[in-house]
Amino acid sequence: MGREKILYEVRPTHIHHHYHPLSISSNGGDMHHRRYFFVACFALLLILLVLYVPAYHEARNRENEAHSVAIPGWSYNTSRDVGRYVLPDNVTAIIPQLDLCSSPELFLLVVVCSAVANFKERAAIRETWASFPSITNSSNSVRVAFLLGEPDNSTLQDLVEEESFQYSDIVQEGFVDSYNNLTLKSVMMLKWVSTHCRSVRYIMKTDDDMFVNINNLLRLLRPRAVSNLLVGALICGARPIADTQNKWYAPHYMYSGRVYPNYLSGTGYVMSRDVVPRLYQAALKTPLFHLEDVYLTGLCAHAAGIRPRHHPAFSYAKRKLDPCLYKDKTVITSHHVNGSELRKVWSQMNSPQLDCSSFTASTTAAQKSGAKSGKQRITGLKRSNKCF
């Protein structure tokens with residue numbers, strides 16, 4: 001019997017009347033307390049997690065910003081207040097070129113942003129597309145100007161002043177001329193146009209490695225007066241590049257968004273005169289971002305309520321060097337065209353022997369080759385009907 005009693009006690013589920021009532025009550029109470037303990041612990045962990053996550057992300061953001069590779073000239077602690085550099089209430093032009101916009105008949109002003117030392121590039125443009133009859137005839141309906149910053153040595157400055165005296169097409173502003181100051185150069189363009197070109201109808205911004213078909217541009221702009229116009233090669237869905245070795249690297253402290261707003265390639269875009277002061281005022285209130293086209297036609301345009309528009313005649317790619325293509329009405333700009341290429345294609349375009357009767361733009365692969373080169377910068381590129 002003693003043996004059986006022990007067996008029953010270690011297996012109480014079989015003989016319930018041997019289980020003492022007090023032991024049942026005590027066991028149930030322990031289970032109840034354990035449940036409360038686990039619930040309390042879980043709630044505490046949840047509260048700690050809610051408090052920890054924002055603090056963690058804030059610490060990580062500070063760490064990322066502290067360790068971001070700085071843009072030369074625009075470190076984390078450098079002011080990006082555009083007004084401090086543009087000085088909107090002061091005269092900042094070293095060479096203001098006051099006569100460029102003196103004609104009341106001026107329809108189009110093309111501003112070529114050029115590096116100070118690029119004398120050969122400017123010469124090639126003057127000898128080719130800037131020598132188009134619409135520019136050189138007495139009507140003065142189109143003018144081309146070259147916008148420069150300030151060099152770091154007096155020899156270059158002397159050469160620029162000689163160039164300006166000879167051609168009267170140099171506008172020079174007082175800021176350090178560098179790649180990471182291209183945004184300042186473009187805002188200086190807006191300032192100069194706002195001050196000196198109040199009667200011009202349209203302004204084009206382009207670079208000194210571009211071909212521009214002035215005739216086709218006039219064909220696009222002349223049919224009717226257009227306001228609120230900002231048009232070029234539209235780029236949608238582009239994302240900031242985190243690779244510090246990339247030319248278009250964008251640190252988080254300069255731009256914290258995941259995707260850039262829609263913007264126009266800085267290789268060539270056109271705006272109506274009414275857009276100029278709106279973009280300029282927006283720039284004075286928008287922290288500087290070193291990528292000029294993203295900043296001006298994306299961030300500032302968005303702030304000013306201006307929607308950049310796409311037109312396929314503008315391209316940020318290098319089109320095939322075909323004189324019939326460059327004359328075709330489907331082309332306004334082509335990128336990465338050096339001086340010798342400009343002179344060659346221009347000579348062919350204007351040759352009496354050139355026959356383009358059998359040419360169609362669809363026979364070229366210009367746009368396909370352009371898409372490939374563009375992706376070097378435009379990571380995450382997306383195009384859609386909504387984009388255009």
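Just so it is clear, the values below take in all heavy atoms, side chains as well, and ignore hydrogens, waters and symmetry mates.
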K191 (side chain) donor-acceptor with Y280 (main chain) under 3.5 angstrom: no

Looking only at atom types and distance, does a side-chain atom of S102 sit under 3.5 Å from a main-chain N or O of D99, one as donor and one as acceptor? yes

What are the two closest heavy atoms between G83 and P88, and how far apart are they? O-CD, 3.6 Å

Drop me the distance from L148's CG to S114's OG, to the nearest 0.5 angstrom. 5.0 Å

Sub-6.0 Å ring centroid separation between Y255 and W74: no

Aromatic centroids of Y269 and F314 separated by under 6.0 Å: no

Output, in order, the C-alpha distance, side-chain angles, deciding distance and verdict of side-chain hydrogen bond (donor to acceptor under 3.5 Å, both in side chains) for S186 and T183. CA-CA 5 Å; S186 293; T183 293; over 6 Å; no

Should V110 and V226 be regarded as members of a common hydrophobic cluster, given that ILVMFWY residues are connected when their side-chain heavy atoms come within less than 4.5 Å of each other, either directly or indirectly? yes

Please find the pair of heavy atoms, one from C197 and one from L109, that lie closest to each other, and give the distance. SG-CD2, 3.9 Å

With a 4.5 Å heavy-atom cut-off, do L147 and V112 have their side chains touching? no

Is it possible for you to say whether V193 and L87 belong to one hydrophobic cluster, with membership spreading through side-chain heavy-atom contacts below 4.5 Å? no

Atom pair NZ (K344) and CG (L321), whose distance is rounded to the nearest 0.5 Å: 7.5 Å

Got a sec: does the NE2 of H196 have more than 12 other heavy atoms crowding it under 6.0 Å? yes

Are any of the side-chain heavy atoms of V331 and L325 separated by less than 4.5 Å? yes

Please step through side-chain hydrogen bond (donor to acceptor under 3.5 Å, both in side chains) for the pair N180 and S178, ending with a clear verdict. CA-CA 6 Å; N180 288 330; S178 67; 6.0 Å; no

E292 bridged to K205 by N-O distance under 4.0 Å: yes

Quick check: does any side chain N or O of S256 sit under 3.5 Å from a backbone N or O of H252, one acting as donor and the other as acceptor? no

Are Y167 and V142 grouped together when hydrophobic residues (ILVMFWY) are joined by side-chain heavy atoms under 4.5 angstrom apart? no

Spell out, as yes or no, whether a donor-acceptor pair under 3.5 Å connects the side chain of W192 to the backbone of P96. yes

Does the plane of the ring in Y260 sit parallel, tilted or perpendicular to the ring in Y263? Use 30° and 60° as the thresholds. perpendicular

Any non-hydrogen side-chain atom of V69 less than 4.5 Å from a side-chain atom of Y249? yes

Could you check whether any side-chain N or O of H310 sits under 3.5 Å from a backbone N or O of L234, counting only pairs where one atom can act as donor and the other as acceptor? yes

With the threshold set at 4.0 Å, does a side-chain nitrogen-carboxylate oxygen contact exist between R126 and E163? yes

Minimum side-chain heavy-atom gap R343-W346 below 4.5 Å: no

Take N228 and R278, measure what side-chain hydrogen bond (donor to acceptor under 3.5 Å, both in side chains) needs, and give me the verdict at the end. CA-CA 10 Å; N228 202 39; R278 293 164 63 190; 2.8 Å; yes

Side chain S131, main chain T128, donor-acceptor under 3.5 Å: yes

Quick one: does N213's side chain have a donor or acceptor within less than 3.5 Å of a partner on I332's backbone? no

Between R122 and D208, is there a side-chain N and carboxylate O pair less than 4.0 Å apart? no

Checking S194 side chain against L190 main chain: does a donor-acceptor pair fall under 3.5 Å? yes

Can you find a heavy atom in the side chain of P308 that is under 4.5 Å from one in the side chain of L264? yes

So OH of Y179 and CD1 of I71: to nearest 0.5 Å the spacing works out to 9.5 Å

When every non-hydrogen atom of R319 is compared with those of S315, the smallest separation belongs to NH2-CB, 3.3 Å

Before giving the answer on ring pair (Phe, Tyr, Trp, His ring centres under 6.0 Å), spell out for F175 and Y85 the whole-Å C-alpha distance, their side-chain angles and the decisive distance to 0.1 Å. CA-CA 8 Å; F175 65 94; Y85 308 100; over 10 Å; no

Taking all atoms of both residues into account, what is the closest heavy-atom pair of A145 and V171, and its distance? CB-CG2, 4.5 Å

Tell me, with the steps shown, if E173 and K185 meet salt bridge (Lys or Arg N to Asp or Glu O under 4.0 Å). CA-CA 8 Å; E173 286 281 357; K185 183 175 285 189; over 6 Å; no

Are F211 and Y326 an aromatic pair, judged by ring center distance below 6.0 Å? yes

Determine the sole option in I203, L217, V144 for which the side chain to side chain contact (heavy atoms under 4.5 Å, CB included) test with L108 is passed. L217

State, yes or no, whether a side-chain contact exists between D81 and L288 at a heavy-atom distance under 4.5 Å. no

Under the criterion side chain to side chain contact (heavy atoms under 4.5 Å, CB included), I'd like the reasoning laid out for V345 against W129: C-alpha separation, chi angles, the key distance, then a yes or no. CA-CA 10 Å; V345 76; W129 58 263; over 6 Å; no

Should we count CZ of R219 as having more than 12 external heavy atoms under 6.0 Å? yes

Taking E127 for the side chain and A124 for the main chain, is one N or O donor matched with an acceptor at less than 3.5 Å? no

Value rounded to 0.5 Å, distance of CG in L230 from CG in L279: 6.0 Å

Residues F289 and Y295: closest non-hydrogen pair is N-CD1, 3.5 Å

For A238 and V259, work out which heavy atoms get closest and say how close. O-CG1, 3.4 Å

Before giving the answer on side-chain hydrogen bond (donor to acceptor under 3.5 Å, both in side chains), spell out for N90 and T92 the whole-Å C-alpha distance, their side-chain angles and the decisive distance to 0.1 Å. CA-CA 6 Å; N90 294 43; T92 52; over 6 Å; no

Is it true that N77 and S75 share a donor-acceptor pair across their side chains at a distance under 3.5 Å? no

Would a 4.5 Å heavy-atom cut-off, applied to side chains only, mark V212 and I214 as touching? yes

Are the side chain of N153 and the backbone N or O of L156 linked by a donor-acceptor pair below 3.5 Å? yes

Knowing that exactly one of Q97, E150, Q157 qualifies, which makes a side chain to side chain donor-acceptor pair (under 3.5 Å) with Q172? Q157

With a 4.5 Å cut-off on side-chain heavy atoms, are M204 and T333 touching? yes

Does M254 form a side chain to side chain contact (heavy atoms under 4.5 Å, CB included) with R80? I'd like the steps, not just the answer. CA-CA 9 Å; M254 292 284 279; R80 292 190 287 128; 3.4 Å; yes

Can you tell me how far apart CG (L291) and CG (D293) are? Round to the nearest 0.5 Å. 6.5 Å

Is the shortest distance from a Lys or Arg side-chain nitrogen in R201 or E105 to a carboxylate oxygen in the other one below 4.0 Å? no

Side-chain H-bond candidate by donor/acceptor type, D355 with S357, under 3.5 Å: yes

Run the side chain to side chain contact (heavy atoms under 4.5 Å, CB included) test on Y316 and I235 for me, step by step, so that the C-alpha distance in whole Å, both residues' side-chain angles and the decisive distance to 0.1 Å come before the verdict. CA-CA 10 Å; Y316 53 79; I235 297 168; 4.2 Å; yes

